[in-house]
Structure formats: C-alpha cells, structure tokens
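Remarks on the structure that follows.
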There are 2 protein chains.
Amino acid sequence: MTDTRFKSWQSVQEEVLARIHSRKWKPGDFIPNEADLAQEFGCARATVNRALQNLADEGLLDRRRKAGTRVATHPVRKATMYIPIIRQEIRDRGLEYGYELIRSEKVMPPREIGKSMGSGKRIDVLHIVCLHTADGRPYVLEDRWLNPKWVSREDFSIFSDTSPNEWLVTHVPFTEGNIVFSAISAGKTEAELLSCKEGDALFVIDRTTRDKQETITSVRLTFFPGYRIETTI
Amino acid sequence: MTDTRFKSWQSVQEEVLARIHSRKWKPGDFIPNEADLAQEFGCARATVNRALQNLADEGLLDRRRKAGTRVATHPVRKATMYIPIIRQEIRDRGLEYGYELIRSEKVMPPREIGKSMGSGKRIDVLHIVCLHTADGRPYVLEDRWLNPKWVSREDFSIFSDTSPNEWLVTHVPFTEGNIVFSAISAGKTEAELLSCKEGDALFVIDRTTRDKQETITSVRLTFFPGYRIETTI
DNA sequence: TCAAATATTATGTATATACATATGTAGCAC
DNA sequence: GTGCTACATATGTATATACATAATATTTGA
C-alpha cells in the first residue's frame with residue numbers, strides 16, 4: 001500500500017475518515033500508530049500527526065500517549081455553533097436591519113448580576129434594552145447589563161443608535177465568558193416587545209463576558225418565536 | 001525582547017492572548033508576521049505558526065496569506081457546544097439514569113423525513129419514541145426515525161432496553177449531519193410524557209445524520225422544562 | 001490611464017530529526 | 001498476589017529547511 005501517495009495532511013485525513021465511514025476502522029477500534037500509517041501513506045509522521053490531531057480535535061478520534069489512537073465511540077459530541085452577529089444575520093437573510101433603543105438607565109441590577117460586577121458591594125449598573133428588527137418586524141430582544149468600570153457615561157449615550165454589541169467588540173477587551181442556550185415562555189413584556197403571544201416558546205441565548213472573574217457585560221438575547229440556530233457537522 | 005524565551009506553542013499562544021487582552025493588539029489591528037514574532041519570542045516560526053493557527057481556529061485571529069494576521073473584530077463568533085450523551089449527562093449530575101421505550105413501529109414517516117430516506121419514493125420507516133429519565137423523572141423525550149436500510153428488523157427489537165443512540169454510534173457509520181437548536185411550546189403529547197404543563201417552553205435539539213445525501217437517522221430530543229445547554233469560551 | 005504581467009511577501013505545509021512526556025507493561029521484590 | 005521500579009512505546013512537540021500558495025504591490029505595456 002506504500003505506493004498510494006498522500007501528499008497533504010488533508011488527504012491523509014480524508015483517507016482516515018473514509019476508513020472510519022467504511023467501517024474498516026470501527027468505533028472503539030485502535031488504528032495503526034503514526035509511524036506505520038506514515039509508511040503506508042508514504043509521507044512523514046508529522047503529516048499523519050497533523051491529520052489525526054485534527055480529527056481528534058473534532059472528536060472523531062481518541063488519542064492517548066503510549067496507548068494509541070482509537071475511533072471515538074461517541075463521535076458527535078462536539079458541535080461548533082456560530083453565534084450570530086445580529087445585524088449580519090438579518091442582512092444575510094435578505095432583510096433590512098433595524099435597531100431600536102427601548103430603555104437605557106443606570107440602576108441597581110438583579111443580585112446575581114450585580115454580585116459579579118462590583119468589587120463585593122452592589123453598585124448601580126448600566127442597563128440597556130433594545131430591539132433588533134428585520135424588515136421592521138421584531139427579531140431579537142437584547143437585554144444587557146454593562147459594568148460601568150468598562151463603559152463611561154458618555155459612551156453610554158451612543159447606544160441610542162448603535163447596538164451595544166457592535167460598540168463592545170471594538171472597545172472592550174475580552175477574556176473568558178460563557179454562553180447558555182435555553183427556552184423560555186414569553187411573559188407579558190416579551191410578548192409586547194416581540195409582538196408575539198404570551199406563553200409562546202422563545203429561544204434564548206445568555207452570554208456573559210468576563211475579565212478575570214469580573215463581569216464586563218451580561219446579555220440575554222430573546223429571539224422571535226420559531227427562531228432556530230443551526231450547525232453542520 | 002529576544003531574551004524572553006517561549007519554549008512551547010502554548011506559551012506563545014498565551015503571550016499573544018495576553019497582548020490581545022491588554023489591548024496592545026486591538027481588534028482589527030495587524031499583528032507582526034510569524035518570522036518577526038519567532039525572532040522576538042526566540043523560537044522557530046513553526047512554533048509561532050502553531051499558536052496563531054490555533055487561535056485563528058478559535059476565531060480570535062483572522063489570517064490571510066500575504067495580507068497577514070489581525071485580531072478578530074468579532075471574537076465571540078464560535079462556540080463549541082458539547083452535545084450531551086444523555087445517559088452520561090444524567091450520571092454526571094449524580095442522578096440515576098432510566099430508559100423507557102414508549103413506542104416502536106414501522107410506519108410511513110412525515111413527508112420531509114421520508115423524502116430523504118427512500119430513494120425517491122416514500123417507504124415505511126422505523127419509528128421509535130422513548131424517554132430518558134433522571135431519578136425517575138422525565139429528562140428528555142427522544143423521537144427518532146431510522147432508515148430501514150441501516151437498521152434491520154431484528155436489530156429493531158433490541159431497543160426495548162437499549163437507547164437507539166447507544167446502539168447507533170457503534171453500529172452505523174456516519175458522515176455528515178446537522179444539528180438545530182430551537183424552542184417549542186409543549187403540546188398535549190409532550191406535556192403528558194414529560195410531566196409538564198401544556199404550553200411550557202421546551203428546549204429542542206434536532207439532529208440528522210446522513211451518509212451521502214441519504215438520511216440514516218433523524219432525531220428530535222425534547223428536554224424537560226428549564227433545561228439549558230452551556231459552554232465556556 | 002488602466003489593465004495585464006510580474007515580483008514580493010506572509011501564511012501554509014511537508015520533511016527529517018531530535019527529544020519530551022505520558023502511560024501501559026513487564027519484571028522484580030516482598 | 002501486591003506494590004514498586006524500570007523499560008518500552010505512541011503520541012506530543014520543537015527545530016531548520018524547503019517549497020507551495022494566495023494575495024498584494026509593483027512594474028510594464030498598450
């Protein structure tokens with residue numbers, strides 16, 4: 001088999017994938033080691049390494065030093081979701097993007113949000129509620145809390161015509177954060193702002209951005225009924 | 001700065017991240033090219049390349065040949081979600097996993113599902129409805145359609161005590177697929193099976209697994225009210 | 001002036017080599 | 001058999017070198 005030549009790590013990856021799909025290598029099976037594969041494919045071990053490491057990253061292979069490489073038994077564990085940049089997502093659908101500021105205030109936040117923003121004690125926090133529309137119809141409701149340490153009062157005023165998200169990405173450093181997907185039932189407020197019925201099921205993304213434990217911003221995006229987020233694996 | 005030595009691609013990556021966080025390199029900025037960074041860090045270009053490529057994979061850098069590397073303006077575009085392996089997820093929460101087969105039949109599927117399974121014409125398809133429970137309480141409702149080309153009648157019978165998912169991952173090859181997250185309002189059936197109220201908002205994962213255009217299996221997972229799926233970025 | 005051809009350049013990748021690191025296995029002592 | 005140690009081995013990574021590729025920049029030619 002040494003005659004079959006694989007010149008790139010991509011082609012090696014394809015061949016490995018093909019063998020998994022054809023069940024020549026079944027879930028749970030050990031596959032040959034890198035050195036052997038390199039010889040079989042007629043390429044350097046580094047090339048095989050790149051291919052296998054990439055497949056392992058994607059969750060299709062399990063690799064351990066000394067033990068070897070095996071086909072993952074639960075291959076569909078990871079899914080990379082592309083969190084929408086709202087303006088762009090709406091434009092991509094061929095609709096006209098609109099932005100509407102609904103509320104902008106500096107108030108005492110809910111306990112859990114305040115806790116991670118002040119240095120222990122609760123302080124007033126910038127609060128923005130705005131609506132993104134597609135062809136004039138409500139698309140997503142953005143409810144955001146901003147740590148005043150990161151956003152000054154004068155900056156705050158610009159949100160009358162700029163989405164806080166767009167401003168943030170270019171003005172605030174980022175470190176870690178987390179994202180939560182869930183479903184909620186539309187309350188009175190959501191129903192009114194999103195022009196839907198009370199009790200409608202709404203898809204929600206909660207995102208928190210932190211810089212060393214301290215929350216920079218916390219946002220809830222509540223989408224119109226029927227919204228779905230998709231990915232291909 | 002050549003004296004500061006970075007021995008591993010991870011340490012290079014950390015340093016690059018630090019510079020992004022500290023806003024030394026701001027979103028949209030070009031960063032020095034690999035060769036220069038390699039010299040500054042006192043390592044090989046390949047090492048820098050590995051670090052930068054990894055950051056680009058994660059969406060923090062934008063790279064283009066000849067043009068160079070710049071800090072991404074919209075860093076939080078990707079989120080890798082770990083699709084739960086139900087049995088495991090329940091166990092991880094310290095609860096006891098339970099499985100209950102609710103329905104198992106061979107019937108004409110809904111139009112869109114049937115279309116991608118038969119070779120053009122609509123055929124009978126295996127249909128399974130089952131419930132996964134945590135400490136006896138409904139956790140997720142699994143509604144699955146299986147292409148009979150991949151699952152024979154005798155295999156079918158095993159689902160009385162084995163989740164189709166567990167069986168599938170070790171017996172069926174996989175190629176591509178897609179995953180959709182959405183929210184639905186509990187209908188009469190869901191309310192009954194998940195022991196919740198009609199109209200409750202439920203988080204839903206729809207997953208389709210294909211082998212070259214042809215659908216192998218299509219599943220809808222409907223979770224108990226309040227379920228959330230989280231990831232850290 | 002503008003478009004086509006060409007040069008330049010940053011990233012992308014392949015290679016051989018060397019060594020690091022984790023970890024399974026075997027051998028040993030008790 | 002149990003537990004410790006030493007060893008073997010597969011993956012992980014760093015390096016220098018070389019060339020590929022894509023895309024910008026520059027020069028050339030009409």
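Below, chains carry the letters A, B, ... as their sequence lines are ordered, and counting in each starts from 1. These numbers come from the heavy atoms of this one structure, side chains and all, not from hydrogens, waters or symmetry mates.
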| task | Fit a plane to each ring of A:F203 and B:F203, take the angle between them on a 0 to 90° scale, and name the class: parallel (under 30°), tilted (30 to 60°) or perpendicular (over 60°). | result | parallel
| request: Send over the distance from A:Q39 CD to C:dT15 P, rounded to a whole Å. | output: 14 Å
| request: Indicate whether any N or O donor in one side chain lies under 3.5 Å from an N or O acceptor in the other, for A:E142 and A:N165. | output: no
| message | Between B:R63 and B:T69, do the side chains contain a donor N or O and an acceptor N or O under 3.5 Å apart? | response | yes
| Aromatic rings B:Y227 and B:F223: how do their planes relate, parallel, tilted or perpendicular, breaks at 30° and 60°? | parallel
| remark: Sequence neighbours excluded, the answer for side chain to side chain contact (heavy atoms under 4.5 Å, CB included) partners of B:A46 is none
| said: Does the protein touch nucleotides 4-13 of chain C at the base, only the backbone, or not at all? Give it as B, S and - per nucleotide, heavy atoms under 4.0 Å. | reply: ----BBBBBB
